[in-house]
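As structure tokens, the structure follows; a few thoughts come after it.
All values below were derived from every heavy atom in this structure, side-chain atoms included, with hydrogens, water molecules and symmetry-related copies excluded. Every value quoted in this text rests on a predicted model; they were computed, and no experiment measured them. In what follows, chains carry the letters A, B, and so on, assigned in the order in which the sequence lines appear, proteins first and then strands, with residues in each chain numbered from 1.
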There are 2 protein chains.
Amino acid sequence: MTRPPDEATIEQIAEKARSRYQTAEEMVTSAIREAVLAGVYQPGERLPQEQLGAALGVSRIPVRAALRQLEAEGLVVLEPHRGATVRVLEAADIDEIYQLRILLETFMIRSVISLVTAEEIDELESIAADLDHLDEGPGWLALRERFYERLYAFAKRPLTAELIGKLRADVGRYWLGLRLVDHEAGGHGVIVEAIRKRDPEAAEAWLTEHLTEVSSELQRRVAERNPQ
Amino acid sequence: MTRPPDEATIEQIAEKARSRYQTAEEMVTSAIREAVLAGVYQPGERLPQEQLGAALGVSRIPVRAALRQLEAEGLVVLEPHRGATVRVLEAADIDEIYQLRILLETFMIRSVISLVTAEEIDELESIAADLDHLDEGPGWLALRERFYERLYAFAKRPLTAELIGKLRADVGRYWLGLRLVDHEAGGHGVIVEAIRKRDPEAAEAWLTEHLTEVSSELQRRVAERNPQ
DNA sequence: TGGATTCAGATTGTATCCAATATACAAGAG
DNA sequence: CTCTTGTATATTGGATACAATCTGAATCCA
């Protein structure tokens, strides 16, 4: 069985073809999610089904399914006969979400520290290093996303990891234009170091401080945008 | 696969729900949810859209919307072009969910203790007393639901309370036929007492012990039903 | 004036129909 | 006999069409 050495395999071709989504629902869900996270639609803004469908080249049926899913993720709010709007987070919501994240993520980091292998720590360190000498931008944010995704995967708690991801997405769209505190602060090397030393207190402290700082900043910005 | 000893059909559940909801989507969502929680559909069982729609007197469109929502709640699993099945929880899933509940509920009880008023404690005590001299059954379960709903409402953390509710629903359908441990143990008066004394350690300890016990029991039952 | 009301337009909710995909089973090749 | 391949059937995905509901502005009446 001879095989062309450096040509693409059928699996690779198939994967590329499959990366364009299987169903319209998936494509539409992903598109609307990205649009909301990118700030194309602002908090409180309406999301008319007809318009979204026209923009994406589908009917309202897959749009409705997508909106239901995004409602579950906490990004939009659906009201009967009144349609969907981008969910508005008040300062109290942001406060609560970040308190939840602190609780969950400090819990998770303990699992990570007790389960992660040396090779996996190397992988984290490599990503952290890239983060440190890359400039801010979409690529940086994607890499940061990957860092935490890998980090929490090592905890072997898939449901908890998924939950944390949802909470992060909920507040993600309020990050727009926020100066990335941890980037300036020298960043993710700190927590990788704590993990390598198997020091849960240090890791928890870093996470708590970091999340608290971001939470305060976001709450301040929301409060000054909606002055009572 | 024996069906659980309850006489409920999806039609009967639908009849009860029909008047309460504005749209068919809401009614169908509620009906399927209750049917799954009541064990009418067992874990792993398929949920054909056509059959559900026929049973509930609607087309497949609202059924599909309902299934999407229930997927978000964690009760069913949707796969493209393959339809919906009742989500199957392995022992590891139950373990993780209960660990999450312990983390979240012990966190919540501290908020409750620092915010709850004397009158609110009286209300809880009244419900707990009713729970103690009522017999097990649907009414008892509903009252128990109400106890925790009220309890966690006092924490002023609506998102966290909602999350706990979802996690409880996720595992709720595995309770079928489980002897109610806390009921035998004399029950909810203990935690009310701890709240009245503003003793978070005692409240946390009771919650942790109770949840751990139920978790072990459920995991044991799941494991012996699906022997490796 | 001001409040309720009515009536159009816009938007969402649902049913029906058709297309796309998966599943099960039969038939054929090796 | 086993594995593949073709085909029929069932089920899901999606588009169109129509019904129900909301919104807002003009109108009516006190």
Side-chain angles (χ1 to χ4, degrees), chain A residues 1 10-11 13-33 35-36 40-42 44-72 75-88, chain B residues 10-11 14-15 17-33 35-36 41-42 44-72 75-88:
Chain A
M1 271 294 180
I10 187 67
E11 285 85 1
I13 294 173
E15 178 154 357
K16 214 176 156 185
R18 209 170 289 126
S19 71
R20 286 172 171 248
Y21 306 89
Q22 279 192 357
T23 68
E25 278 187 21
E26 294 176 8
M27 184 272 285
V28 171
T29 304
S30 179
I32 300 178
R33 183 192 296 119
V36 170
V40 175
Y41 297 97
Q42 296 280 318
E45 193 170 346
R46 298 198 58 180
L47 298 170
Q49 300 171 5
E50 191 84 42
Q51 174 192 312
L52 290 169
L56 299 170
V58 298
S59 78
R60 283 166 40 219
I61 297 291
V63 173
R64 288 171 62 85
L67 291 175
R68 278 238 166 261
Q69 187 162 340
L70 294 173
E71 181 196 32
L75 262 68
V76 311
V77 176
L78 280 179
E79 284 176 299
H81 295 121
R82 297 178 62 180
T85 54
V86 179
R87 181 172 168 210
V88 175
Chain B
I10 185 80
E11 286 86 357
E15 185 64 30
R18 206 174 296 276
S19 57
R20 283 188 304 211
Y21 298 98
Q22 285 189 355
T23 67
E25 280 187 16
E26 294 177 3
M27 183 274 285
V28 171
T29 304
S30 178
I32 300 179
R33 183 192 294 118
V36 170
Y41 297 98
Q42 300 240 323
E45 194 170 345
R46 297 198 59 180
L47 299 170
Q49 299 173 5
E50 189 83 43
Q51 174 193 312
L52 290 170
L56 299 170
V58 298
S59 80
R60 282 166 41 217
I61 296 292
V63 172
R64 286 168 58 179
L67 291 175
R68 276 242 163 261
Q69 184 161 340
L70 294 172
E71 181 195 32
L75 262 72
V76 310
V77 176
L78 279 179
E79 284 176 298
H81 294 120
R82 296 178 60 183
T85 54
V86 179
R87 181 174 169 208
V88 175

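The one candidate from Thr85(B), Val86(B), Val88(B) that meets the side chain to side chain contact (heavy atoms under 4.5 Å, CB included) condition with Val77(B) is Thr85(B).
For the pair Leu52(A) CG and dA15(D) P, the interatomic distance rounds to 14 Å; values are reported in whole Å. Distance Glu50(B) CD to dA10(D) C1': 10 Å, rounded to the nearest Å. One can place CD of Glu26(A) at 13 Å from C1' of dT12(D), the figure rounded to the nearest angstrom. Distance, Leu67(B) CG to dT11(D) C1': 13 Å, rounded to whole Å. Separating the OH atom of Tyr21(B) from the C1' atom of dG13(C) is a distance of 18 Å, rounded to the nearest angstrom. For the pair Gln22(B) CD and dT11(C) P, the computed distance is 20 Å after rounding to whole Å. The interatomic distance linking Ile61(B) (CD1) with dA15(D) (P) rounds to 11 Å, in whole Å. If you take CD of Gln51(B) and C1' of dT12(D), they are 15 Å apart, rounded to a whole angstrom.
Enclosure of atom CD in Glu50(A) is not indicated, since only 12 or fewer non-hydrogen atoms of other residues, nucleotides or ligands lie within 6.0 angstrom.
For the pair Tyr41(A) and Leu52(A), the minimum side-chain heavy-atom distance is below 4.5 Å. Counting heavy atoms from C-beta on, the side chains of Leu70(A) and Ile32(A) come closer than 4.5 Å.
Annotation: of the two residues near DNA chain C, His81(B) and Glu79(A), the 5′-most nearest-nucleotide partner is Glu79(A).
OP1 or OP2 of dT12(C) has not a single side-chain nitrogen or oxygen of Arg82(A) nearer than 4.0 Å. Residue Gln49(A) places at least one side-chain N or O closer than 4.0 Å to OP1 or OP2 of dG13(C).
Interface remark: the Arg64(B) side chain does form a donor-acceptor pair with the dG14(D) base, using a distance-only criterion of under 3.5 Å. No hydrogens or angles were tested; on distance alone, a donor-acceptor pair under 3.5 Å links the side chain of Arg60(B) to the base of dG13(D).
With respect to Glu71(B) and Arg87(B), no salt bridge is recorded, no charged nitrogen being found less than 4.0 Å from a carboxylate O.
In this structure, of dT11(D), dT11(C), dT16(C), it is dT16(C) that holds the atom nearest to the side chain of Ser59(B).
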